[in-house]
Amino acid sequence: MLDLRTVRENPEAVRNALTRRHQPDLLTEVDRLLELDQSWRETTVRRDGLRNEQNTVSREIGRLKREKQEATDVIARMQQVAQEVRELDDQLRDARGQIDSILLMLPNIPHESVPDGASEDDNVIVKHWGDRPEFDFEPRAHWDLGEGLGILDIERGGKISGRGFAVYKGQGARLQRALISFMLDIHTTEHGYTEIWPPALVNRQSMIGTGQIPKFEDDMYRLAPGAGDDADGDETRDLFLIPTAEVPVTNLHAEEILDADDLPICYAAYTPCFRREAGAAGRDTRGIQRVHQFDKVEMVKFTSAETSYDEHESLLANAEAIIQRLGIPYRVSLMCAGDLDFKGAKQYDVEIWAAGQERWLEVSSVSNFIDFQARRANIRYRPDTEARPEFVHTLNGSGVALPRLVISLLENYQQADGTVRVPEALRPYFGSDVIT
RNA sequence: GGUGGGAUGGCGGAGUGGCUUAACGCGACGGUCUUGAAAACCGUUGUAUCGGCGACGAUACCGCAGGUUCGAAUCCUGCUCCCACCGCCA
């Protein structure tokens, strides 16, 4: 979330950001926020003055009592003051709640290097890599290849769970396992990431910390209270399935003050990911392009404020390295302000080529959130021993998501007989050079 | 799931309603002394918010959230986490 002080002292920067993001509807929220803040501060001054009186006089009452003197009149007067403090506290709590809820809804401010634009059509393609494969036969889509090879079972996935859940079988299952190990090994041994294996269920506070809630709560899977549970909002059972490892991994350091010498902290984590895709019914429903549960290796970085944009570039390079080793053609887009993720200040998307469908598929989104998540999750660091703590910058990028990578591998490396070659780099993990 | 015991500053640890805006110790930082270091001695010590141009001042924070009271680390209610034992369990 944004710093309230930034909004207070530089509201034009915030309004400008909303305009660049093409979200003019939020401008009135900024005005409301400024009014609430003004009255919150005025009330705070009054309340603190009364608290000061309370503290002073209460000490005096203590002294009188010790000296066995009469204090009834003073106590009667202080009862009034206490009542007034209670009323002001209620007002403050209410105003603070409204302020926080607005702050939680306001998006990050796009970095100056982010291009203007209203939609994905205005994203800037900054890189192309690799040559698209050519075939002397008609290449097939992955759902045909997968079914033909017996490695992908969409229908049974639907039977046991519902639409949007896939079953991988035999060499398909092995391919999943091989890819996960392959990617994690590269990130940990060559890119300097520490491997994390986090929970897949997290509490509400963690979801707020990384920014999935409140804005995207409808896209999240949430555990229903079990039979016999209290229905009245028991925090311990208010759990969400993670939509990405970003949530548990970033929140590892929530409420902490990190040592500057430890930065940057770089984590890589494999997790399953769960997404309701609430607003996307009917889109890309064939195959495993858009599913409710998928697997992903995610990279997360905690950096100082000075280095985050450099770290952003190397994070992108780390994601690209995976795809390059698998010999898959890809392109990188710099997201325009209008298409930029709610919580991001700058974001690259990496799309790989799927030869069977002849289209680009997003497999990685590489974002710098600057202090947006760190402020929500309260993750700070001390620049040096004497300095006051500052918010870290958090970044993350997929490295990479599996289903679309599998699609691309199947479709790009398919052969006329329906078998699929396995890229060289993956063979030690997969144990074979062809999927038959 | 059950029973009992805990949670206090960077760490250890005192503190059962007012003489505590948390004692004492350790650590850290600054200084004195010293050729240098150690020891000793002196001083300092967290986080956040608000007010002020500023020096500075005020408020809040003793696991979390409410409550009682003129006044709460201390009393009450709910919750979380940790430790021990019991039960269940891959």
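Everything quoted here is computed from the prediction, not taken from an experiment.
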Please tell me which of the listed nucleotides, B:U59, B:G46, B:G71, lies nearest to the side chain of A:A82?
->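 The answer is B:G71, which lies nearest to the side chain.
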What is the distance, to the nearest angstrom, from the [atom1] atom on [X] to the [atom2] atom on [N]?
| X | N | atom1 | atom2 | result |
| --- | --- | --- | --- | --- |
| A:Q69 | B:G18 | CD | C1' | 15 Å |
| A:R93 | B:A65 | CZ | P | 11 Å |
| A:E256 | B:U47 | CD | P | 16 Å |
| A:Q80 | B:U69 | CD | C1' | 15 Å |
| A:R47 | B:U59 | CZ | P | 11 Å |
| A:N378 | B:U47 | CG | P | 12 Å |

Consecutive-pair stems (3 or more, Watson-Crick or G-U, under 3.5 Å) for RNA chain B |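 So far as stems of 3 or more pairs are concerned, RNA chain B shows B:1-7 with B:80-86, B:10-12 with B:24-26, B:27-32 with B:40-45, B:46-51 with B:56-61, B:63-67 with B:75-79.
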Are A:R276 and A:D218 close enough for a salt bridge, meaning some N to O gap below 4.0 Å?
-> no
[N] versus [M] - spacing of their [atom1] atoms, nearest Å:
| N | M | atom1 | answer |
| --- | --- | --- | --- |
| B:G87 | B:G63 | P | 33 Å |
| B:U45 | B:G54 | C1' | 24 Å |
| B:C42 | B:C53 | P | 41 Å |
| B:C24 | B:G4 | P | 37 Å |
| B:C33 | B:C41 | C1' | 9 Å |
| B:G30 | B:G67 | P | 45 Å |
| B:G10 | B:A48 | P | 12 Å |
| B:U59 | B:U3 | C1' | 42 Å |

Are more than 12 heavy atoms, taken from residues, nucleotides or ligands other than [X], located less than 6.0 Å from that residue's [atom1] atom?
| X | atom1 | value |
| --- | --- | --- |
| A:Q69 | CD | yes |
| A:E67 | CD | yes |
| A:Q80 | CD | no |
| A:R156 | CZ | no |
| A:R46 | CZ | no |

For B:A60, does either OP1 or OP2 sit under 4.0 Å from a side-chain N or O belonging to A:N55?
-> yes
Closer than 4.0 Å, any side-chain N/O of A:Q54 to the OP1 or OP2 of B:G71?
-> yes
According to the interplanar angle, ranging from 0 to 90°, do the rings of A:H187 and A:H191 count as parallel (below 30°), tilted (30 to 60°) or perpendicular (above 60°)?
-> tilted
A:H393 and A:Y309 aromatic centres sub-6.0 Å |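 No, ring centres 6.0 Å or more apart.
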Run the ring-centre check on A:F342 versus A:F216 and record whether the distance is less than 6.0 Å.
->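 Yes - the distance between ring centres of A:F342 and A:F216 falls below the 6.0 Å cut-off.
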Taking for each residue the nucleotide of RNA chain B with the nearest heavy atom, is it A:I75 or A:N52 whose nucleotide lies nearer the 5' end?
-> A:N52
What side chain to side chain donor-acceptor pair (under 3.5 Å) pairs are there with at least one residue in residues 423-435 of chain A, not counting sequence neighbours?
->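 Passing the test, one end in residues 423-435 of chain A: A:D185-A:Y429.
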Check the interface with nucleotides 48-52 of chain B: list each N/O to N/O pair with the protein under 3.5 Å, or write none.
residue, atom, partner, partner atom, Å
B:A48, OP1, A:R380, NH1, 3.0
B:A48, OP2, A:R388, NH2, 3.2
B:U49, OP1, A:R5, NH2, 3.1
B:C50, OP1, A:R8, NH1, 2.9
B:C50, OP1, A:R8, NH2, 2.8
B:G51, OP1, A:R41, NH1, 2.9

